[in-house]
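Here is the naming used below: chain letters follow the sequence lines, and residue numbers restart at 1 for every chain. Heavy atoms only: backbone and side chains are in, while hydrogens, waters and symmetry mates are out.
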Amino acid sequence: MTEQSFADRVSRWYEQNARDLPWRGPDVSPWAILVSEVMLQQTPVVRVLPVWEAWLARWPVPAALAAESPADAIRMWGRLGYPRRAVRLHECAVALVDRHGGEVPDRLDQLLALPGVGTYTARAVAAFAFGQRHPVVDTNVRRVVARAVAGEPDAGPTTRPADLVATEELLPVEPAAAALASAAFMELGAVVCTARSPRCAVCPVEPVCAWRASGQEAPTGPTRRPQRYAGTDRQVRGLLLAVLREATGPVPRPRLDQVWADDVQRSRALAGLVTDGLVEPAGEAAYRLVGDAPAPAGQPLT
DNA sequence: CACACGTGGAG
DNA sequence: TCTCCAAGTGT
């Protein structure tokens, strides 16, 4: 079993079984693909779908988003989670206008320099939008390679340079075929070689899987630290932002104070939102989403 | 390198 | 209920 035929097996399976996701269409712009990649960071496909559609309908090109305020981006982001991504995507649109004539660049180094675009996203855009040959390594790919190639139950907690090398060695030489293989690896990890209950019975590489061959030792519990949520600053930030998102402008401090009893923690969370560019002071005792409209003249804040 | 950073659905 | 986790990035 050569590396090449591994990619071939997965690619052929992908061509027959890939989900019909809108950002995979033939006429999807690099900008639309970039938006999808950012939204999909740590976020399930089903939740991204409607937001992606609405986002691209309103901002079909980077310049359209760049011309509006971060507040609009934060609202459009809805409840996707990690709303800093919305701010970064807005910053990214501004950068695209400023530095790249409003276009998404096709060079990896230029993509990496964009706000919110890291190792994964830069390579995903270079491969899926421009057909270049780069290893595209996300959590799905790392799991597939760890199991099928290395014979381990799971991948390590973070992406390391070695992961990129190992994945690159699996890619076909021809760029378009490599990009297809990358999409196929990700899809396999997403729907077949899943974290908890892998569906080995329908896996196209089951016959050559090193993990299966070695007895398929069970995954050794959670690789990551338990990610607590209740009672954290994260939860408080979420509550504060929900109020600001649904308001139409500045929100008086007293209304924000209602979302969480602990003064110290609430203040810390609000300060964090300001630091992160999501929220800004509006007047003496009010806050609003960054760039949001001021309070209507003569209208008391309530 | 560890940690912060949202949200909601499945098992 | 409660845990796990879903196409990561920035500090």
* Asked: Which part of the nucleic acid, if any, lies within contact of A:Thr158, taking any heavy atom under 4.0 Å across all strands shown: a base, the sugar-phosphate backbone alone, or nothing?
  -> nothing

* Inter-nucleotide P distance (C:dA7, B:dC3), Å rounded -> 23 Å

* For A:Gly118, report the nucleic acid contact type (base, sugar-phosphate, nothing); a contact means any heavy atom under 4.0 Å. => sugar-phosphate

* Student check: side-chain heavy atoms of A:Arg19 and A:Val191 closer than 4.5 Å -> yes

* First of A:Glu187 and A:Val117 reached from the 5' end of DNA chain C, by closest nucleotide -> A:Glu187

* Asked: B:dG6 and C:dT11: how far apart are their P atoms, nearest whole angstrom?
  -> 14 Å

* Structure fact -> Closest to the 5' end of DNA chain B, once A:Arg160 and A:Arg79 are matched to their nearest nucleotides, is A:Arg160

* With sugar-phosphate meaning primed atoms plus P, OP1 and OP2, does A:Arg237 contact a base, only sugar-phosphate, or nothing at under 4.0 Å between heavy atoms? -> sugar-phosphate

* Asked: Looking at A:Trp77 versus A:Trp55, is the centre-to-centre ring distance below 6.0 Å?
  -> yes

* What's the CD-C1' distance between A:Gln235 and B:dG6, to the nearest Å? -> 10 Å

* **A:Val45 side-chain proximity, nearest of B:dC5, C:dA7, B:dC1** => C:dA7

* Would you say A:Tyr120 reaches C:dT9's phosphate, i.e. side-chain N/O to OP1/OP2 under 4.0 Å? -> no

* Between A:Glu37 and A:Leu112, which is nearer to the 5' end of DNA chain C once each is assigned its nearest nucleotide? -> A:Glu37

* **Test item: side-chain donor near acceptor, A:Asp72 and A:Ser69, under 3.5 Å** => yes

* Asked: Roughly, in whole Å, what's the span from CG in A:Leu114 to P in C:dG8?
  -> 19 Å

* Within the structure shown, what part of the strands sits under 4.0 Å from A:Thr159 by heavy-atom distance: base, sugar-phosphate, or nothing? -> nothing

* Find the distance A:Leu21:CG to C:dA7:P and express it as a whole number of Å. => 12 Å

* Asked: With a 4.0 Å cut-off on heavy atoms, is A:Val136 in touch with a base, just the backbone sugar-phosphate, or nothing at all?
  -> nothing

* Asked: With a 4.0 Å cut-off on heavy atoms, is A:Arg245 in touch with a base, just the backbone sugar-phosphate, or nothing at all?
  -> sugar-phosphate

* Asked: Under a 4.0 Å N-O cut-off, is there an ion pair linking A:Arg253 with A:Asp257?
  -> yes

* Describe the nucleic acid contact of A:Leu241 in one word from base, sugar-phosphate, nothing, applying a heavy-atom distance below 4.0 Å. => nothing

* Start at the 5' end of DNA chain B and walk down; is the nucleotide closest to A:Ser197 or to A:Ala242 reached first? -> A:Ala242

* OP1 or OP2 of C:dA7 less than 4.0 angstrom from a side-chain nitrogen or oxygen of A:Gln41, does that happen here? -> no

* Quick one: A:Tyr229 OH to C:dA6 P, roughly how many Å, whole number? -> 19 Å

* **Spacing between A:Arg196 atom CZ and C:dA6 atom P, to the nearest angstrom** => 7 Å

* **Between P of B:dG8 and CG of A:Leu40, the distance in whole Å** => 17 Å

* To do: Compare every heavy atom of A:His134 with every heavy atom of A:Ala126, then report the nearest pair and how far apart it is.
  => CB-CD2, 3.5 Å

* Asked: A:Asp138 side chain: which of B:dG6, C:dG8, B:dG9 is closest?
  -> C:dG8

* **Same cluster (ILVMFWY, side-chain, under 4.5 Å), A:Val274 and A:Leu239** => yes

* Asked: The side chain of A:Tyr82 lies closest to which of these nucleotides: B:dG11, B:dG6, C:dA7?
  -> B:dG6

* Donor-acceptor pair present, A:Arg47 side chain and B:dT7 base, under 3.5 Å -> yes

* To do: For A:Ala124, report the nucleic acid contact type (base, sugar-phosphate, nothing); a contact means any heavy atom under 4.0 Å.
  => nothing

* Consider only side-chain heavy atoms of I, L, V, M, F, W and Y, link residues closer than 4.5 Å, and tell whether A:Leu244 and A:Val290 are in one cluster. => no

* Asked: Quick one: A:Trp77 CH2 to B:dC5 C1', roughly how many Å, whole number?
  -> 13 Å

* With sugar-phosphate meaning primed atoms plus P, OP1 and OP2, does A:Ile33 contact a base, only sugar-phosphate, or nothing at under 4.0 Å between heavy atoms? -> nothing

* How would you label the contact of A:Thr119 with the nucleic acid (heavy atoms, under 4.0 Å): base, sugar-phosphate, or nothing? -> sugar-phosphate

* Can you tell me, in whole Å, how much space there is between the C1' of B:dC1 and that of C:dG10? => 13 Å

* Quick one: A:Leu240 CG to B:dC5 P, roughly how many Å, whole number? -> 12 Å

* A:Thr43 (side chain) and B:dG6 (base): donor-acceptor pair under 3.5 Å -> yes

